[in-house]
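Data block below; observations after.
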Amino acid sequence: IKTTLIRAKEVRKTADKMVTLAKDGSLHARRQALGYIYDKELVHALFEQVPERYADREGGYTRIFRTMNRRGDNAKMGIIELV
């Protein structure tokens with residue numbers, strides 16, 4: 001996702017937390033995720049796919065690349081992606 005650097009850093013916190021909850025896989029973690037993401041199908045897909053993808057990783061599920069400043073207001077830009 002290409003966005004401003006500040007927004008990317010804020011999204012990183014939430015994305016890492018959701019991946020950590022999905023790795024836990026308990027009912028309590030699923031309900032906590034549903035408290036933030038209201039789409040049941042999305043939470044179900046998250047809890048099905050994430051644990052096998054990030055089983056050996058203890059943290060740092062996202063990566064932020066810095067790109068050129070935005071033309072017009074010169075805001076710092078970045079690309080955030082899942083590792």
Side-chain angles (χ1 to χ4, degrees):
I1 301 172
K2 186 175 181 180
T3 184
T4 61
L5 198 58
I6 300 299
R7 285 185 183 166
K9 288 179 180 179
E10 287 298 318
V11 168
R12 169 187 261 176
K13 296 174 189 175
T14 305
D16 284 349
K17 183 174 181 179
M18 291 298 124
V19 171
T20 304
L21 287 173
K23 279 180 63 176
D24 182 19
S26 66
L27 179 61
H28 180 65
R30 189 175 294 258
R31 287 182 175 162
Q32 283 181 323
L34 281 169
Y36 190 80
I37 303 172
Y38 297 117
D39 188 4
K40 283 186 178 182
E41 295 162 359
L42 180 62
V43 171
H44 178 70
L46 181 73
F47 275 71
E48 288 295 317
Q49 297 172 3
V50 166
E52 58 199 32
R53 183 174 176 183
Y54 296 108
D56 57 342
R57 187 176 282 269
E58 293 298 320
Y61 308 113
T62 55
R63 177 185 306 144
I64 298 177
F65 292 111
R66 294 171 190 230
T67 59
M68 298 294 290
N69 290 352
R70 183 165 54 195
R71 188 173 174 187
D73 62 353
N74 205 28
K76 295 179 182 176
M77 298 296 288
I79 297 173
I80 185 168
E81 64 180 18
L82 290 172
V83 176

Closest non-hydrogen atom pair, [X] against [Y]:
X: A22; Y: P51; value: O-CG, 3.3 Å
X: K23; Y: Y54; value: NZ-O, 3.2 Å
X: F47; Y: A33; value: CE1-CB, 3.8 Å

What's the spacing between [X] [atom1] and [Y] [atom2] if we round to 0.5 Å?
X: T3; Y: K76; atom1: OG1; atom2: NZ; result: 14.5 Å
X: M68; Y: N74; atom1: CE; atom2: CG; result: 9.5 Å
X: T14; Y: I37; atom1: OG1; atom2: CD1; result: 9.0 Å
X: Q49; Y: H44; atom1: CD; atom2: NE2; result: 9.0 Å

Tell me whether [X] shares a hydrophobic cluster with [Y], the cluster being built from Ile, Leu, Val, Met, Phe, Trp, Tyr side chains joined at under 4.5 Å.
X: V19; Y: Y36; answer: yes
X: L5; Y: F65; answer: no
X: V83; Y: I1; answer: no

Q. Looking at residues at least two apart in the chain, or sitting in another chain, which of them share a salt bridge (charged side-chain N to carboxylate O under 4.0 Å, His left out) with K40?
A. none
Q) Among all residues two or more places apart in sequence or in another chain, which pass the salt bridge (charged side-chain N to carboxylate O under 4.0 Å, His left out) test with R63? A) E81
Considering only heavy atoms from C-beta outward, does the side chain of [X] approach that of [Y] to under 4.5 Å?
X: L82; Y: R53; answer: yes
X: R31; Y: L27; answer: yes
X: M77; Y: T4; answer: yes

Q | Sole candidate of I64, T62, I80 that passes side-chain contact (heavy atoms from CB on, under 4.5 Å) when paired with V11 | A | I80
(Q) Test of understanding: with side chain to side chain contact (heavy atoms under 4.5 Å, CB included), list the residues that count as partners of Q32, not counting sequence neighbours. (A) L21, H28
